[in-house]
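Below you'll find the structure, written out as structure tokens, and then a few comments.
Treat the numbers as computed from the prediction; the structure is a model and nothing was measured. The chains referred to below are lettered A, B, ... by the order of the sequence lines, with proteins before strands, and numbering in each begins at 1.
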Number of protein chains: 2
Amino acid sequence: MIESGDLAVPAATVARLPHYLRALHALEADGVRTTSSTELADASGVGSAQLRKDLSFLGSFGTRGVGYDVASLSVVISSALGLGSTHRLAIIGLGNLGHALANYSGYTARGFEVVALLDVAAAVVGTRPSGSLAVEHLDDLEKILERESVTMVVLATPAHAAQAVAERVTASGVREILSFSPVALQVPDDVVVRSVDVAGELQILAFHAAARAASRSAKG
Amino acid sequence: MIESGDLAVPAATVARLPHYLRALHALEADGVRTTSSTELADASGVGSAQLRKDLSFLGSFGTRGVGYDVASLSVVISSALGLGSTHRLAIIGLGNLGHALANYSGYTARGFEVVALLDVAAAVVGTRPSGSLAVEHLDDLEKILERESVTMVVLATPAHAAQAVAERVTASGVREILSFSPVALQVPDDVVVRSVDVAGELQILAFHAAARAASRSAKG
DNA sequence: TAGATTGTTAATCGATTAACAATC
DNA sequence: TAGATTGTTAATCGATTAACAATC
């Protein structure tokens with residue numbers, strides 16, 4: 001359960017809110033004004049009971065017998081997700097992945113703004129990977145985080161550097177980190193770390209592939 | 001529960017196996033020969049009871065009073081994850097992200113090999129984003145999947161193209177998909193889709209930031 | 001009113017945690 | 001033997017699902 005003001009929302013529900021929001025945006029783009037829990041659930045890849053249950057943690061927004069207004073439900077979820085205010089991001093580490101993340105175009109539409117890029121490589125510092133922002137040196141991390149009022153950090157450094165950078169970042173007061181480094185970061189209790197691990201995802205798929213192969217040979 | 005041969009492993013456990021494997025590799029690299037559930041759990045970011053419980057689904061590999069042999073536990077988890085055989089990947093969509101994924105160097109060490117790159121843009125087809133493999137046209141998808149015996153596909157296309165590509169890929173017999181497109185793919189029941197949604201992860205962090213702000217203003 | 005669909009309750013299911021007997 | 005640590009049991013906790021009364 002994550003307490004937000006007067007709301008208490010289960011972690012599993014929070015993790016699905018972005019799916020619902022995305023599905024609502026897609027419906028809006030198609031000109032759909034009103035939707036049902038069944039339609040929205042299908043578009044989100046969950047069951048309709050789960051969708052209704054999830055929404056019930058945020059309040060009561062539908063009309064019995066009718067459904068949900070797409071535009072207003074969209075606003076409800078956006079504001080629950082804190083997308084009203086703009087979140088200021090720093091991307092640390094501009095290798096392959098950091099470069100791609102710096103060029104990702106979807107931030108602004110979703111309430112995020114990349115305000116700083118940092119790296120240690122002399123070949124990278126000073127370049128403008130996304131055309132606009134110049135890469136600054138990691139040595140100046142604390143200064144830059146303060147100057148730009150950074151509230152979230154995206155960590156795309158090599159694994160061996162991640163822990164040290166995370167310590168400096170949290171010491172500077174940043175409390176939200178998205179990490180692409182496949183290591184368990186040790187951070188203060190009040191810091192939230194989300195991790196994306198591409199190799200790990202592939203390994204999970206490999207487990208399923210192996211399970212499939214085993215059941216095939218058992219049956220056949 | 002995912003059945004693999006004689007094993008039945010909970011999905012939550014499977015999702016943690018890559019963390020354990022990574023932590024074991026780190027210990028190995030540090031020259032550590034033997035570890036305990038406490039040490040390995042700390043390095044993996046979980047509790048020791050959870051680690052022991054997870055391992056118990058794979059079998060019994062420790063020595064009471066002593067701990068676990070790092071090298072042999074590493075082998076146990078690797079083979080549970082099906083990393084003995086090499087998995088042949090195709091990356092579809094070579095925008096920013098696909099480009100970064102094509103250049104990622106960690107595949108081979110972890111039992112994966114990128115054997116094909118596909119896109120539709122004339123400017124990209126024929127180029128060699130990673131220096132070696134040339135990008136082929138999506139039109140030839142089916143032919144390429146068969147030619148290269150592809151077993152897993154990484155989808156990095158724009159969201160609007162993802163569903164159509166997923167249908168062709170599954171029709172060709174691929175049963176494991178890693179998708180970076182933020183849409184709920186409709187695929188046959190026996191196909192496993194793992195999704196990575198960077199914007200969604202940021203939104204989850206934004207929820208936590210909003211929750212923190214709300215509790216601060218309530219207290220202060 | 002009749003039909004549709006929400007919001008909520010209660011039941012089920014699965015995952016986590018703590019505690020400890022087994023045993024090296 | 002004494003100390004350490006596993007593997008497992010049982011209790012707790014949280015998440016999902018089905019069913020349906022409320023109500024538009």
Side-chain angles (χ1 to χ4, degrees), chain A residues 1-4 7-20 23-24 27 32-70 72-74 76-77 80 184 189 204 207, chain B residues 1-4 7-20 23-24 27 32-70 72-74 76-77 80 184 189 204 207:
Chain A
M1 280 294 188
I2 304 162
E3 316 282 334
S4 180
L7 268 51
V9 188
T13 296
V14 172
R16 281 187 294 268
L17 293 180
H19 304 339
Y20 302 150
L24 285 166
L27 289 173
V32 177
R33 298 292 194 102
T34 303
T35 188
S36 65
S37 62
T38 307
E39 181 181 49
L40 184 54
D42 285 351
S44 308
V46 304
S48 68
Q50 181 156 86
L51 171 72
R52 291 198 302 278
K53 180 96 225 198
D54 282 340
L55 292 181
S56 76
F57 292 108
L58 303 180
S60 165
F61 310 105
T63 307
R64 288 165 137 104
V66 178
Y68 302 90
D69 180 75
V70 171
S72 55
L73 187 56
S74 195
V76 164
I77 295 179
D189 278 354
I204 294 169
F207 183 96
Chain B
M1 281 294 189
I2 304 162
E3 317 284 333
S4 180
L7 268 51
V9 188
T13 295
V14 172
R16 282 187 294 267
L17 294 179
H19 303 340
Y20 301 150
L24 285 166
L27 290 171
V32 177
R33 298 291 194 102
T34 302
T35 188
S36 66
S37 62
T38 308
E39 181 181 50
L40 184 54
D42 285 352
S44 308
V46 304
S48 67
Q50 182 156 88
L51 171 72
R52 291 198 302 277
K53 180 96 228 200
D54 282 340
L55 293 181
S56 76
F57 292 108
L58 303 182
S60 164
F61 310 105
T63 307
R64 288 164 137 103
V66 178
Y68 302 90
D69 181 74
V70 172
S72 55
L73 187 56
S74 194
V76 164
I77 295 179
D189 278 355
I204 294 169
F207 183 95

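- Here salt bridge (Lys or Arg N to Asp or Glu O under 4.0 Å) pairs that include residues 32-46 of chain A, with residues two or more places apart or in two chains, number zero.
- Distances shorter than 4.0 Å separate some side-chain N or O of A:Y68 from OP1 or OP2 on C:dG7.
- A:S44 approaches A:Y20 most closely through the heavy-atom pair OG-CD2, 3.4 Å.
- Note on A:G47: nothing from the nucleic acid sits closer than 4.0 angstrom, heavy atoms only.
- In this entry the distance linking CG of A:L73 with C1' of C:dG7 reads 14 Å, nearest Å.
- As rounded to whole Å, 11 Å separates atom P of C:dT17 from atom CG of B:D54.
- The distance from atom CE of A:M1 to atom C1' of D:dG14 is 8 Å, rounded to the nearest whole Å.
- Here C:dA4 presents its C1' atom at 14 Å from CD of A:E39, a figure rounded to the nearest Å.
- Put simply, A:S37 has a side-chain N or O that comes within less than 4.0 Å of OP1 or OP2 on C:dT6.
- Rounded to whole Å, the distance from CG on A:L55 to C1' on C:dT5 is 13 Å.
- If you check every strand for non-hydrogen atoms under 4.0 Å, B:F57 touches nothing.
- Between A:F207 and B:S4, some side-chain heavy-atom pair lies under the 4.5 Å cut-off.
- Residue contacts shown for B:G62 are limited to sugar-phosphate atoms, with no base heavy atom under 4.0 Å away.
- For B:R16 and C:dT16, the shortest distance from a side-chain N or O to OP1 or OP2 is below 4.0 Å.
- Between B:T63 and C:dC24 there is no side-chain polar atom (N or O) within less than 4.0 angstrom of OP1 or OP2.
- When the nearest nucleotides of DNA chain C are assigned to A:K53 and A:R64 by heavy-atom distance, the more 5′-ward of the two goes with A:R64.
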Legend entry - Intermediate values then yes/no, side-chain contact (heavy atoms from CB on, under 4.5 Å), B:L55 and B:I77: CA-CA 9 Å; B:L55 293 181; B:I77 295 179; 4.1 Å; yes
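- Interatomic distance, OH of A:Y68 versus CG of A:L51, reported as 5.5 Å (0.5 Å rounding).
- With contacts defined as side-chain heavy-atom distances shorter than 4.5 Å, the pair B:L58/B:L17 qualifies.
- In this structure, the CD atom of B:Q50 is 20 Å from the P atom of D:dA10, given to the nearest Å.
- Rounded to an integer number of Å, the gap from CG of A:D69 to P of D:dC24 is 16 Å.
- Residue order along DNA chain D, read from the 5' end via each residue's closest nucleotide, puts A:A12 first among A:A12 and A:V66.
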Inset, instruction - Let me have DNA chain C in dot-bracket notation, would you? Count Watson-Crick plus G-U wobble pairs, both distances under 3.5 Å, and use [ ] for pairs crossing earlier ones and | for inter-strand partners. - result: ..||||||||||||||||||||||
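- Taking atom CZ of A:R52 as the reference point, atom P of D:dA22 lies 16 Å away to the nearest angstrom.
- Contact detail for A:T35 and A:L40: the closest heavy-atom pair is OG1-N, 3.7 Å.
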